[in-house]
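These notes are about the structure you will find just below.
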Amino acid sequence: MHPMALDGVLMILALSAYAVGAVALVAYFLSREDWLRNFGASLAVIGCAAQFAQLGARYAETHIWPLLNLYGSLSLFAAMSVAIFIGFAFRYRLWFAGGFVLAIAAVFLAYGVTWDEGVMPAVPSLQSYWAKIHVPLVVSSYGAFLVSFVFSLLYLVKYYGERHFATRRVRISAATAAGPVVPPFEVARSARYGTDDDGVNPALRDTPALAAAVSEGSAVAGWLATLPSLAQLDILVYRAVSIGLPLLTLGVITGAAWAHEAWGAYWQWDPKETAALASWILYAAYMHLHTRNAWRGMRCSWWSVVAFLSIIFCYLGVNIWISGLHSYKV
Amino acid sequence: MDHSASRTFLARPKFLDDLIRTFGNVTFGVALLALWGVLTIIGVVVEQGKDPASYFASYPAPIARAIVRLDFNDIYHSVWYLASVGLVLASMTTATFTKVIPRRLPPHRAVKIDAMPLHATVRVAGDEASVRARIERFFASRGWKITKRDIDGTQWSFADRFNWARIGVLVNHLAILIIASGTIVYWASGYSGETAIMTGDTAQIPQNHDLVRLDGFSYDVKPVMTKSGIVYQPIDYVSRVTVVRHDGIPTPMVVRVNHPIDLDGTLLYQASYGFGMRFAVSHDGVSVTSLGRRTLVEGDAMQIPGTAQSVVYERFVPTVDRRTKMPSPDPRISDPAVILAVLDGGQAIGEVLAPLGAPLDLGNGWSVTPVSDVIYSGFQYRYDPGVPLVAAGAILLLVGLVISFYFLPARLHVRVDSAEDGACTVGLAATTVKGYDIFESQFQELVSALRGAEGVER
Ligand code: HEM
């Protein structure tokens, strides 16, 4: 087969694996059928492998580092997001979140394909070994932040689910002056630890209103109950950011080293590097907020959502709306 | 509330005490970080370094006025920006001394086991001393460091893990200060600038007096067929120069993008290129040599004597498309021309594409002929003695992040009390520097392992 044809076939394989995998894993999220998880997880692995093979095939064919345009970089972004997610999913059994990661990765990958300009040699400033190190690091950090973003959203869904059932319960018990007593939400937070097997579903330890609703047979609550506890979701967000922030830091440092070689100063206040600095500041702030009890959980999750929006702005917004040294446009 | 910190400040005036407390507060620090982030984003969204008029052209007047008045057109050098960074550094330093150092290295203290969020109690057969020894062996074999203390008559054992990693925050904050000091070194004693040198000419770096002569410049361009048409992709820019450094020896060198050369510590970078142009000027058929001597660069104007006319050399066109007679996007020289603008009394009256060698009649007996092009190379130079500090700070920052995120210092407080039947109860409570949630599953694993150990009951 002609190598460029191979490149196209792998791309289609990856896109379809992600699309079908996303559907399977969302279905798993809602139904908890094991076969859907196994099917979706296999597709995630296949799609991710196809992506790396695709980038390799492209490099083998053209001898041009395939990450120096928006097509290649979006492609690596999708691949790294899925790869980092697979790591989390295996380690913490989180396949239920995979549908969202795969769907977002597929959208970015499809968008990247629209930027495919064909084979293009690198302009002089991009002909640097730093480029080969810098781009994968930065793009991988975006992948980790995407994973943290998905966990944050799941946290918020469960949090507001709990709030909803808690207020409903207060209203009902006020009306009937009966029903089981549920501790107020904030109190529940501190009462959740324990090493004794007390028969409580660990995923519902810090969401008593949800636990009560589950026992009353609410379908929505039953579905939220399959998510990890709020405390665990919060820690998952933190762990994903703990991967992203050092990678972004290393990315900014290697970018500075490259700029020092190519442009005559390690820092130029170019829109791209400046936007990356802003995201870096937001995630450094997240880390500090996460050391505060009052901020851990809901507020930190919102913060992480906003920080990820700044990543998207830095990644795509700057390339598309703002011209500068990093703009990919010809 | 950190009592050890406030005790230190008793002798100070109250306002200073308050100031230190505010600056040492993490939430205040985060607010400052957010301010720094917002100012940084403003600089991305508002294009920097344009002249005031262009902001009025692209924004509504009140916003444009605000941009110019508040220095948002050069935000990174504005008072706001420097102040925000300064406040972040001040807050970080204050927090390091008032919070991080006292809290991160806590003394061994007695705790009320049941009141700790992460706690467990197990029963172990044996007398107090032997149970304590067995429990300590259990943790020591798993890599925990054991410390024994007698506190108010009770024997406590403390098991610590990654205690050394408590300095992670200090490493991070120190790294940030080192990076900041590296940038200050540049402001205090570095310099940078730009210079364009015509082929055959020599320029001097004003600050270190080194000389650079441009022997020749060449560029390599590759036409690439893409889906949206032909793109002329630059592949290489090469300046051949002869430099004379402090040693006085002329040395030939090559400057390329990504390959700067070192002039006694000042780095010289390939930055741009362009074309100078020589013109022949004649009046009533007689050559006016005084006007033709100068080489003009793009944007330069030539005043025609005795008239209100001037000719501006706007742009060099390396290749004119033979079919359309318009400038081709191909940057390689094959059929060169220049674009000239003619002005009368400062008003533009026309623009022409003039091929090299073809005279342009200006009227009143004057004519101008573009004769020959001279390529020039644009260089950037920079002396930055702060680079080693910034690089060291950057590496330290990475090390600090890895320590902070991947090595979680945790402490187990262990208390053994004899119970009836020749057994003991062992109370365990865990604390970490990052709260309890993050250690919960590991604590549970530890407790299950302990419960599974020989001689231990639930
Ligand atoms: C606004 C100024 C800053 C203040 C007031 C501040 C304060 C603090 C404090 C008090 C802690 C310890 C939190 C605790 O464990 O209770 C901390 C942790 C930390 N600081 Fe800062 N800091 C500042 C800026 C920075 C910056 C710019 C960085 C650069 C990355 C940084 C990196 C860190 C890291 C990595 C940690 C450890 C976080 C963790 O363990 O999760 N700090 N900071």
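A, B, ... follow the sequence lines: proteins, then strands. Residue 1 opens every chain.
- In this structure, chain A has a heavy atom under 4.5 Å from the backbone of B:Asp236, while its side chain stays farther away.
- Interface residue A:Tyr238: only side-chain heavy atoms are found under 4.5 Å from chain B.
- The contact between B:Lys222 and chain A is made entirely by side chain atoms (from C-beta outward), counting heavy-atom distances below 4.5 Å.
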For A:Trp295 and B:Thr27, what are the C-alpha separation, side-chain angles and deciding distance, and is it a side-chain contact (heavy atoms from CB on, under 4.5 Å)? CA-CA 9 Å; A:Trp295 279 80; B:Thr27 319; 4.1 Å; yes

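- Under a cut-off of 6.0 angstrom, the local environment of CZ in A:Phe90 is sparse, with at most 12 non-hydrogen atoms contributed by other residues, nucleotides or ligands.
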Applying side-chain contact (heavy atoms from CB on, under 4.5 Å) to B:Thr40 and A:Trp280, what does each step give before you reach the verdict? CA-CA 11 Å; B:Thr40 303; A:Trp280 183 86; over 6 Å; no

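- Within the 4.5 Å cutoff, the side chain of A:Ile235 has no heavy atoms near those of the B:Phe439 side chain.
- At a 4.5 Å heavy-atom cutoff, the contact between B:Tyr406 and chain A is made by side-chain atoms alone.
- Taking 4.5 Å as the limit, every side-chain heavy atom of A:Arg239 sits out of range of all side-chain heavy atoms of B:Phe405.
- With a 4.5 angstrom heavy-atom cutoff, B:Ile176 touches chain A only via side-chain atoms.
- The choice from B:Leu397, B:Ile41, B:Ile235 that makes the most heavy-atom pairs within less than 4.5 Å of chain A is B:Ile235.
- Contact of B:Ser448 with chain A is not made at all, since no heavy-atom distance falls under 4.5 Å.
- With hydrogens and angles disregarded, no donor-acceptor distance shorter than 3.5 Å links the side chain of A:Tyr266 to the backbone of B:Val390.
- B:Asn258 places a side-chain N or O within 3.5 Å of a backbone atom of A:Pro124 that can act as its donor or acceptor partner.
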Stepwise, does the side-chain contact (heavy atoms from CB on, under 4.5 Å) test hold for A:Glu261 with B:Leu267? CA-CA 9 Å; A:Glu261 231 172 68; B:Leu267 295 179; over 6 Å; no

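- Here the straight-line distance linking atom CD1 of A:Ile281 with atom OG of B:Ser84 works out to 7.5 Å at 0.5 Å rounding.
- Here the NZ atom belonging to B:Lys434 is positioned 10.0 Å from the CZ atom belonging to A:Arg296, to the nearest 0.5 angstrom.
- Taking the six-membered ring where tryptophan is involved, the planes of B:Tyr269 and A:His260 are perpendicular, since the angle between them exceeds 60° and thus also 30°.
- Crowding of B:Phe217 atom CZ: a count of heavy atoms from other residues, nucleotides or ligands under 6.0 Å exceeding 12.
- Atoms CG and NE2, from B:Asp437 and A:His290 in turn, are 7.5 Å apart once rounded to the nearest 0.5 Å.
- Of the listed residues B:Leu401, B:Val38, B:Val433, B:Leu39, the one with more heavy-atom pairs under 4.5 angstrom with chain A than any other is B:Leu401.
- Residue-environment remark: CH2 (A:Trp302) stays at or below the threshold of 12 foreign heavy atoms within 6.0 Å.
- Note that CD of B:Gln380 is 11.5 Å distant from CH2 of A:Trp263, once rounded to the nearest 0.5 Å.
- Atom CG of residue B:Leu33 and atom NE2 of residue A:His288 lie 6.5 Å apart, to the nearest 0.5 angstrom.
- Remark: aromatic rings of A:Trp267 and B:Tyr76 are distant, center separation not under 6.0 Å.
- Ranked by non-hydrogen atom pairs under 4.5 Å with chain B, the options A:Ala278, A:Gly264, A:Ser279 are led by A:Gly264.
- Between chain B and the residues A:Leu250, A:Leu282, A:Thr291, the largest count of heavy-atom pairs under 4.5 Å involves A:Leu250.
- The CD atom of A:Gln232 sits 7.5 Å away from atom OG of B:Ser441, with the distance rounded to the nearest 0.5 Å.
- For B:Ala394, the parts sitting under 4.5 Å from any heavy atom of chain A are the backbone and the side chain alike.
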Between A:Asn293 and B:Tyr436, is the side-chain contact (heavy atoms from CB on, under 4.5 Å) condition met? List the steps. CA-CA 10 Å; A:Asn293 271 326; B:Tyr436 302 103; 6.0 Å; no

